[in-house]
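Remarks on the structure that follows.
By convention in this document, chain letters (A, B, ...) are assigned in the order of the sequence lines, proteins followed by strands, and residues within each chain are numbered from 1. Quick caveat, the model's predicted, so the values are computed rather than measured.
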There are 2 protein chains.
Amino acid sequence: MDLRHLRYFIAVAEEENIGRAAARLHISQPPLTRQIQQLEEELGVRLFTRTPRGMELTQAGELFLEEARNIRSVVEQATERTQRAGQGKLGRLDIAIFGSGILGIIPRLLLAFRNAYPEVKTVLHTMTKAEQIEALRQRRITLGFNRMLAPLPDLATELVATEQLLLAVNESHPLAREESVSFPMLAEHPMVLFPTGARPNFIDKVMRLCEEAGFVPQVSQEVGDAVTGVALVAGGFGICLVPESVTALTLPGVVFRPLHDTPPNCRIDLSCLYRTDDQSPILSEFLETVRAFRGPHVAGHSSGIRTETAWDAGI
Amino acid sequence: MDLRHLRYFIAVAEEENIGRAAARLHISQPPLTRQIQQLEEELGVRLFTRTPRGMELTQAGELFLEEARNIRSVVEQATERTQRAGQGKLGRLDIAIFGSGILGIIPRLLLAFRNAYPEVKTVLHTMTKAEQIEALRQRRITLGFNRMLAPLPDLATELVATEQLLLAVNESHPLAREESVSFPMLAEHPMVLFPTGARPNFIDKVMRLCEEAGFVPQVSQEVGDAVTGVALVAGGFGICLVPESVTALTLPGVVFRPLHDTPPNCRIDLSCLYRTDDQSPILSEFLETVRAFRGPHVAGHSSGIRTETAWDAGI
DNA sequence: AACCTCCATACCTTCAAGGTATTGTGTTGG
DNA sequence: CCAACACAATACCTTGAAGGTATGGAGGTT
């Protein structure tokens, strides 16, 4: 049995006349007669009683008509859903974020994507950079957000945004009295650094900037993520350089101060990471959303900065 | 798209290898490759990613696999249900019964049929003989139960059973003192007759039997059905001849007495009536059940009596 | 009786599914 | 590093079934 048989059967059942049904199907009458006979033979069931006025459904035929219409609609829905899946409009996207990634840009980006593609279920996983790379290679996730991603042969990156660095200080700290601070002013002040773990990371960036400013920072503590770093600042452990998105987090006693006289590379990137061999249309659509989102939000700061450039600036 | 495409797709998706899938489908590899390409092209969706180790489903392909399996099972169920419908094992049977038909044999017959064909929904309609004939011609019912059915060109009958006649009398009536009664004893006693309506009917039978016994009955009242007749006997309106199945109905003050020295035609038939042109397998199965049921239950009384004979004996 | 309207049958044509042989492309093993 | 292997893709041929035209045959109507 074929879907063609069902289409023909439905037409004959509705027209109650083979000739008219054949016209509707744009075929001639004899083949249609044969297809119906064939269908009846294959099922072993008389679907029509032939009357002088045409074809009349038997009770079994009535039942089969309902079933045939049902099959038709199930097939239609299946193809439609599959096509939407093929266009990246339906499905599932597993995304990894890092610890403080829930602050700032990422949630707004995810919201924009979910509004544009409501039928794509996004699943968030919190992972470190190394875990993200591992998970991408094992295909447990499709995309990861992170900073300072080194180029890898099997993984590609797409810049999402670049952010300013800000100084987080305790309100009782001498530097809190400044409107804004410059790099050399940071020398001699104990500094909280993050994250621990795989290099290169934000620590290297800070170390290099300090070095360029002519000093080596005093490390008071190394911690896992920016949120913990700011919490230590609140506790008086020292000062801490953070990306601007961390200001979304307000802790009592902590104030943020901009940096002045900073070199052009004194910005930190936020990128997403994915398999170069991933052809998933959902990923493509997500990356399109990222590009569209990056335009209005980082224009003037980093528009035109390519993945490679972001990396070069990163270390 | 064809059901063949779905079958092939499922095989390839399950084997993750066109060659093995082709072997499983008993075709060679190249046609299968082409069918899959064709399916992808028609849907406009890549369903597989070709790897050196075989075929791997894309996300859209995973979705389509679920859909394809679903379609397959829907089609299987549709054919199976249609086949059962074609064998008369699934569907609906509209049956008409007459007023007192709910007494006696019919409910037992219907129960037997429902046990044998649990998926056939039987719908009962109470109709007079004339209404049954009309409803059969309009196809509103498939089968009617009645007594004393005259042969009609477009309708056929099947004898279900023959029943004895019994005398229903009030317990205070003189005839109630007899163990059994003979026809001549009925003369002079006012008699309740039924049913009113289309002839020939039970009245004609009773009138003829009285005539053969040499008297014309005194009619005290004509009523619509046996139940009303017996109710009038309870009320003292007179005596009433009824088929034996009416004894299922016990009314206070009414007793039933057998008739003795009765002629062989002093039995009343119960038959079912259906269209001669009705090919419905459900009807055939029902008639088979009737025949099987008639055997053990009326053996010795009327086995071997054909439809025509029943009628001949009826009037 | 002639005609009309159906469906069914006979016979031909064509197109696509299936087969065989082969190529191309990655991966693996010596 | 080359040869062998495994896989899908392509080229080309064969065949079977779907579709077309012409016609038959049955039941009903004027």
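- Between F9(B) and F48(B), the two ring planes are tilted [angle within 30° to 60°].
- One can place CZ of R34(B) at 13 Å from P of dC12(D), the figure rounded to the nearest angstrom.
- Formation of a donor-acceptor pair under 3.5 Å by the Q59(B) side chain with backbone atoms of R92(A) is found in this model.
- Of the candidates dG20(D), dA8(C), dA9(D), dG20(D) carries the atom nearest the P31(A) side chain, counting heavy atoms from C-beta on.
- Taking atom CG on L25(A) and atom C1' on dA18(D), their separation rounds to 13 Å, with Å as the unit.
- In terms of heavy atoms, L159(B) sits closest to L270(B) at CD1-O, 3.6 Å.
- Using a 4.0 Å heavy-atom criterion, one finds that H5(A) contacts no nucleic acid atom at all.
- Counting non-hydrogen atoms under 4.0 angstrom, R4(A) reaches the backbone sugars and phosphates but no base.
- Side-chain atoms of Q38(B) and E42(B) include no donor-acceptor pair closer than 3.5 Å.
- Using modelled atom types, one side-chain atom of E40(A) and one backbone atom of L47(A) make a donor-acceptor pair closer than 3.5 Å.
- Within a heavy-atom distance below 4.0 Å of DNA chain C, the residues of residues 8-24 of chain B found are Y8(B).
- dT10(D) atom P lies 14 Å from atom CG of L32(B), rounded to whole Å.
- In this structure, the side chain of S271(B) does not engage the main chain of N146(B) through any donor-acceptor pair within 3.5 Å.
- Side-chain atoms of Q87(A) and Q83(A) form no donor-acceptor pair, as typed in the model, at a separation below 3.5 Å.
- Side-chain contact of T33(A) with Q29(A): a donor-acceptor pair under 3.5 Å is present, judged by distance alone.
- Distance, H26(B) NE2 to dG19(C) P: 11 Å, rounded to whole Å.
- Regarding D2(B), its CG atom lies at a distance of 10 Å from the P atom of dA18(D), rounded to whole Å.
- Residues of residues 35-59 of chain B that place a heavy atom closer than 4.0 Å to DNA chain C, in numerical order, are Q35(B), Q38(B), P52(B).
- Considering K89(B), E285(B), R84(B) in turn, E285(B) is the only one that fulfils the side chain to side chain donor-acceptor pair (under 3.5 Å) rule with Y117(B).
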